[in-house]
S.K.: 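Just passing along the structure, written as structure tokens.
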Amino acid sequence: MKYQRPRGTRDILPSEIDIWQKIEKTCREIFELFNYREIRPPIFESTDLFSRSIGKETDIVSKEMYTFHDRSNRSLTLRPEATAPVVRAIIEDNLLQQNQQLKLYYQGPMFRYERQQAGRYRQFHQIGVEIFGSNNPLVDAEIIYMASKIFNKLNLNDLVININSVGDKNCRPNYINELKRYFEKNQRQVCHDCTKRLETNPLRILDCKNPTCQNVVKLAPKLKDSLCNECKMHFNRVISSLSKLNVNYQINDQLVRGLDYYTRTTFEVVSNQLGAQNAVCGGGRYDDLVEELGGKSTPATGFAIGLERVVEVMQKMSLQRGEDQGVKEIDLFIAAMGEEAQMIGFELLTKIREKGLTADQDYLGKSLKAQMKAADHLAAKYVYIIGEEELVKKTAILRNMKTAEQKEVAFDKLSEELHGLAN
RNA sequence: GCGGCCUUGGUGUAGAGGUAACACAGCAGAUUGUGGUUCUGUUAUCAGGGGUUCAAUUCCCCUAGGUCGCCCCA
């Protein structure tokens, strides 16, 4: 094969597009209910934007970015996530007025240069929200509630919401120091990766999957014990609000996310239907990012849903329920024999479509038998058969494909007749 | 960036060191103007390159791709 899709990319095929559109539609509907408006930043941005916001030492920035130079030698990067572009946009386009809250959502492809595996692609799609301007814990609760609402509406009920607080710029540095001291004492017992993490991102040691590291982590100082009072209060308000809304969640004090900009609340929705890459949604609060990128100090929070993974869970669920992916049925198929008949069919089709009925015909010049077969595969409700005799009479045969009844219907009566039958 | 497994027609699968089997789909016909059943015919040189061999698609190596993990993340 001469051309292949680039590694880590996928073609989303017509056979699976229904499920994609259903998810997208559900998300949009719910976002609009909560008064979020869509924003569409570009697919690539200046490289600095990502390295400043996500963090130079993170995996995303240090080894996963699609970075290139354009013809004027600007360093650009295909967005690995959309929060930084959205923040850039609200600053640049002045969307944030004083003392206002701003609610946005976005949707589209993201790019990370990673080795592909189940649920992980180099081009993948996210749909997400960001809300700016408020540090109220109710905001955190609102977006988490909104995420759970989306998954409920999609009938995905075996998901678990993990939630944690990673502190803020006041209390987190103290904790990190404490953690560093602890792990330096126990360095020999942690894995190679964790020794490196001690320098780059000590928090990540907390959710290392290596069992020996886990043993060391068990006795490590707890993040929640070193949160400052404000952070503690904030977190408690978030979870009590969620409880009030009957959202099921699990506090996971080892949940640390890989992007540097998170403060206080972080959360992740995971599915047990997936392989190692089991997070279908992740997000949290990022109160310092807007200022860091040059805007006024503005608290913010948001999440992103990974569409490929949601699609995968939904496909698995519908298989388990024994649903078939279903052919889309059409109202009418015109089987025409000969060029002249085909032309008549062509004209009739436009009238029928104007009535809002789905209709099609064969352009390959197949035999009648083959056209009937095609109609059958398209699950056509009716077939209108136009041959040479019919051309003279200006009347052709309308066949009901379910009952096999057929009757003569004049060309100029066809759309009325069908319209009547459809209702 | 690291590791395991895999790569045969449109799809899903067999197979053996000596030049490929089955199912489904597709197309054509049996039924020269009618579908969903049945029957018949037809559709590949086994990812690409190199090596071993009288001979490889089957053995070895490399490359590409797939897949599942590690890391990390949606």
Side-chain angles (χ1 to χ4, degrees), chain A residues 1-10 15 23 54-55 57-64 80-83 107-128 147 191-194 196-197 200-201 204 207-210 255-259 266-271 274-283 302-313 327 333 335-338 341 362 364 366-391 396-404 406:
Chain A
M1 211 168 303
K2 197 164 180 189
Y3 294 108
Q4 296 181 301
R5 69 184 83 92
R7 190 163 208 181
T9 63
R10 298 206 317 168
S15 58
I23 297 167
I54 298 168
E57 298 299 337
T58 60
D59 279 34
I60 292 178
V61 171
S62 64
K63 58 179 199 192
E64 296 173 4
E81 58 109 43
T83 297
Q107 184 244 26
M110 309 293 159
F111 305 85
R112 291 181 201 171
Y113 189 90
E114 291 183 277
R115 187 76 158 261
Q116 111 175 51
Q117 72 183 76
R120 196 176 68 186
Y121 303 96
R122 290 183 174 181
Q123 174 175 334
F124 60 100
H125 297 78
Q126 290 187 331
I127 184 160
C191 68
H192 175 71
D193 287 323
C194 283
K196 269 198 300 193
R197 289 192 185 109
T200 56
N201 191 348
R204 286 230 66 97
D207 64 0
C208 179
K209 281 159 199 131
N210 186 312
L255 175 70
V256 177
R257 314 205 71 257
L259 286 67
T266 58
F267 72 98
E268 207 169 77
V269 183
V270 298
S271 163
L274 298 173
Q277 311 303 325
N278 64 354
V280 294
C281 172
F303 68 70
I305 292 174
L307 291 183
E308 279 77 1
R309 293 181 189 174
V310 177
V311 168
E312 205 181 318
V313 180
V327 204
F333 188 84
M337 277 156 291
D362 166 75
L364 300 174
K366 286 188 191 173
S367 67
L368 178 59
K369 186 186 166 82
Q371 293 195 50
M372 293 302 291
K373 223 173 183 176
D376 192 51
H377 287 165
L378 290 169
K381 290 180 197 150
Y382 294 91
V383 174
Y384 193 57
I385 303 164
I386 313 172
E388 276 168 35
E389 293 163 35
E390 286 80 3
L391 287 178
I397 295 160
L398 183 65
R399 179 183 178 89
N400 180 321
M401 293 296 274
K402 282 221 176 73
T403 63
Q406 44 188 50

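None of the values given here were measured: they were computed from a predicted structure. Quick note on labels: first sequence line is chain A, next is B, and so on, each numbered from 1.
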S.K.: Under 4.0 angstrom, heavy atoms only, what part of the nucleic acid is A:Q123 near: base, sugar-phosphate, or nothing?
M.R.: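 The residue A:Q123 makes no contact with any strand.
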S.K.: Among B:rU34, B:rC71, B:rG35, find the nucleotide with the atom closest to the side chain of A:Q277.
M.R.: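 My answer, after comparing the listed nucleotides, is B:rC71.
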S.K.: Which part of the nucleic acid, if any, lies within contact of A:E389, taking any heavy atom under 4.0 Å across all strands shown: a base, the sugar-phosphate backbone alone, or nothing?
M.R.: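 Touches a base.
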S.K.: For atom P, what is the distance between B:rC24 and B:rC59, given to the nearest Å?
M.R.: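 Straight-line distance between the two P atoms is 30 Å.
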S.K.: Using the C1' atom in both, what is the distance from B:rA64 to B:rC71, to the nearest Å?
M.R.: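 Result for the C1' pair: 24 Å, nearest Å.
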S.K.: Under 4.0 Å between a side-chain N/O of A:H377 and OP1 or OP2 of B:rA25, yes or no?
M.R.: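 Answer is no, no contact under 4.0 Å.
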S.K.: Among the candidates B:rA28, B:rA74, B:rU34, find the nucleotide nearest to the side-chain atoms of A:A370.
M.R.: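 Ranking B:rA28, B:rA74, B:rU34 by closest atom to the A:A370 side chain puts B:rA28 first.
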S.K.: Between A:Q371 (side chain only) and A:A336 (backbone N and O only), is there a donor and an acceptor less than 3.5 Å apart?
M.R.: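 Yes, A:Q371 side chain to A:A336 backbone: donor-acceptor pair under 3.5 Å.
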S.K.: Tell me if a side-chain donor or acceptor on A:R309 pairs with a main-chain N or O of A:V280 at a distance below 3.5 Å.
M.R.: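 No, the answer is negative, given that no donor and acceptor are paired below the 3.5 Å cut-off.
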S.K.: Measure CZ/A:R120 against P/B:rC2 and give the value in whole Å, please.
M.R.: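 Rounded to whole Å, this separation is 13 Å.
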S.K.: Rounded to the nearest 0.5 Å, how far does CE of A:M401 lie from NZ of A:K381?
M.R.: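 That separation rounds to 13.5 Å.
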S.K.: Pick base, sugar-phosphate or nothing for A:K373, based on heavy-atom distances below 4.0 Å to the nucleic acid.
M.R.: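 Sugar-phosphate only.
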S.K.: For A:K369, enumerate each residue passing the salt bridge (Lys or Arg N to Asp or Glu O under 4.0 Å) test, keeping only those at least two apart in sequence or located in another chain.
M.R.: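 Per chain and number, A:K369 pairs via salt bridge (Lys or Arg N to Asp or Glu O under 4.0 Å) with no residue.
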S.K.: Across nucleotides 38-43 of chain B, 5' to 3', mark each nucleotide with B, S or - according to how protein heavy atoms within less than 4.0 Å reach it.
M.R.: ------
S.K.: Would you indicate which nucleotide in B:rG29, B:rA74, B:rG35 comes nearest to any side-chain atom of A:R399?
M.R.: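 Shortest atom-to-atom distance from the side chain points to B:rG35.
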S.K.: Kindly compute the distance separating CD (A:E312) from CD (A:Q277), expressed to the nearest 0.5 Å.
M.R.: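 Between A:E312 CD and A:Q277 CD, I get 10.5 Å after rounding to 0.5 Å.
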S.K.: Looking at every strand, decide which applies to A:E268 at a 4.0 Å heavy-atom threshold: base, sugar-phosphate, or nothing.
M.R.: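 Answer is nothing: A:E268 stays at 4.0 Å or more from every strand.
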S.K.: Please identify which of these residues, A:I385, A:D362, A:I386, A:L391, meets the side-chain contact (heavy atoms from CB on, under 4.5 Å) condition with A:M337.
M.R.: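 Checked A:I385, A:D362, A:I386, A:L391 against A:M337; only one passes side-chain contact (heavy atoms from CB on, under 4.5 Å): A:I385.
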S.K.: Taking only N/O atoms, report every protein-nucleotides 65-68 of chain B pair under 3.5 Å with atom names and distance.
M.R.:
residue : atom : partner : partner atom : Å
B:rG65  : OP2  : A:R7    : NH1          : 3.1
B:rG66  : OP1  : A:Q116  : OE1          : 3.4
B:rG66  : OP2  : A:R7    : NE           : 2.9
B:rU67  : OP2  : A:Q116  : NE2          : 2.2
B:rC68  : OP2  : A:A118  : N            : 3.0

S.K.: Using the C1' atom in both, what is the distance from B:rA55 to B:rU63, to the nearest Å?
M.R.: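 Comparing C1' positions in B:rA55 and B:rU63 gives a spacing of 25 Å.
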S.K.: For A:L398 and B:rG35, give me the distance from atom CG to atom P, rounded to whole Å.
M.R.: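 The distance from CG of A:L398 to P of B:rG35 comes to 17 Å, rounded to the nearest Å.
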S.K.: If you assign each of A:S367 and A:V256 to its closest nucleotide in RNA chain B, which residue comes earlier from the 5' end?
M.R.: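 On the 5' side of the pair lies A:S367.
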S.K.: Find the distance A:K63:NZ to B:rC70:P and express it as a whole number of Å.
M.R.: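 Distance, rounded to whole Å: 13 Å.
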S.K.: So what does A:A380 hit on the nucleic acid, given a heavy-atom distance under 4.0 Å: a base, only sugar-phosphate, or nothing?
M.R.: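 If one applies the 4.0 Å heavy-atom cut-off, A:A380 turns out to touch nothing in the nucleic acid.
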S.K.: Can you measure A:Y384 atom OH to B:rG35 atom C1' for me and round it to whole angstrom units?
M.R.: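 The answer, rounded to whole Å, is 19 Å.
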S.K.: Is there side-chain contact between A:L274 and A:V313, with heavy atoms separated by less than 4.5 Å?
M.R.: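 When only atoms from C-beta onward are counted, A:V313 and A:L274 do touch, with a gap below 4.5 Å.
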S.K.: Quick one: label A:E308 by what it contacts on the DNA or RNA (base, sugar-phosphate, nothing), any heavy atom closer than 4.0 Å.
M.R.: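 A:E308: no heavy atom of the nucleic acid under 4.0 Å.
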S.K.: Is there a side-chain contact between A:T266 and A:V256, using heavy atoms and a 4.5 Å cut-off?
M.R.: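 No. Closest side-chain heavy atoms not under 4.5 Å.
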S.K.: In whole Å, I'd like the distance from the CD atom of A:Q371 to the P atom of B:rG33.
M.R.: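 After rounding, the reported distance stands at 12 Å.
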S.K.: Expressed in whole Å, how much space separates the P atoms belonging to B:rG51 and B:rU40?
M.R.: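 One P to the other, the span is 45 Å.
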S.K.: May I have the distance from A:L378 (atom CG) to B:rG26 (atom P), rounded to whole angstrom?
M.R.: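 Interatomic distance, CG of A:L378 to P of B:rG26: 11 Å.
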S.K.: With side-chain contact (heavy atoms from CB on, under 4.5 Å) as the criterion, how do A:L259 and A:E81 come out once you've worked through the C-alpha distance, each side chain's angles and the decisive distance to 0.1 Å?
M.R.: CA-CA 10 Å; A:L259 286 67; A:E81 58 109 43; 3.7 Å; yes
S.K.: Just wondering, do A:P80 and A:Y113 contact through their side chains at under 4.5 Å, heavy atoms?
M.R.: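 SC-SC contact between A:Y113 and A:P80 ruled out.
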S.K.: Under a 3.5 Å distance rule, please check whether A:R122 uses its side chain to pair with a backbone N or O of A:Q116 as donor and acceptor.
M.R.: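 Side chain of A:R122 to backbone of A:Q116: no pair is present.
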S.K.: In whole Å, measure the gap between the P atoms of B:rG29 and B:rG18 for me.
M.R.: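 Per the computed distance, 40 Å lies between those P atoms.
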S.K.: Listed by chain and number, what are the side chain to side chain donor-acceptor pair (under 3.5 Å) partners of A:E308, not counting sequence neighbours?
M.R.: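 A:E308: side chain to side chain donor-acceptor pair (under 3.5 Å) contacts with A:H125.
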S.K.: When the C1' atoms of B:rU43 and B:rU52 are considered, how many whole Å apart are they?
M.R.: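 The answer is 34 Å between these two C1' atoms.
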S.K.: Whether the side chain of A:D376 and the base of B:rG36 hold a donor-acceptor pair under 3.5 Å is what I'd like checked.
M.R.: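 In this structure, the two groups form no donor-acceptor pair.
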S.K.: Partners of A:E114 by salt bridge (Lys or Arg N to Asp or Glu O under 4.0 Å), sequence neighbours excluded?
M.R.: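 For A:E114 the salt bridge (Lys or Arg N to Asp or Glu O under 4.0 Å) partners, ignoring immediate neighbours, are A:R120.
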S.K.: In whole Å, I'd like the distance from the CG atom of A:L364 to the C1' atom of B:rG26.
M.R.: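 So the two atoms are 12 Å apart, to the nearest Å.
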S.K.: Can you check the distance between B:rU8 and B:rG41, where both ends of the measurement are the P atom (answer in whole Å)?
M.R.: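 So the two P atoms sit 27 Å from each other.
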S.K.: Which distance, rounded to the nearest 0.5 Å, do you find between the CZ of A:F124 and the CZ of A:F111?
M.R.: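 Rounded to the nearest 0.5 Å, the CZ-CZ separation comes to 9.0 Å.
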S.K.: Under 4.0 Å between any heavy atoms, over every strand shown, what does A:L307 touch: base, sugar-phosphate, or nothing? Just pick one.
M.R.: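 Answer is nothing: A:L307 stays at 4.0 Å or more from every strand.
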S.K.: Please report, rounded to the nearest Å, how far the P atom of B:rG1 is from the CZ atom of A:R122.
M.R.: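 Rounded to whole Å, this separation is 8 Å.
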S.K.: Pick the P atom in B:rG10 and in B:rC46, then give their distance to the nearest Å.
M.R.: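 Rounded to whole Å, the distance is 13 Å.
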S.K.: Could you give me the stems involving RNA chain B, meaning stretches of three or more consecutive Watson-Crick or G-U wobble pairs whose two defining distances are both below 3.5 Å?
M.R.: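 Result, WC/G-U stems under 3.5 Å: B:1-7 with B:64-70, B:10-13 with B:21-24, B:26-30 with B:38-42, B:47-51 with B:59-63.
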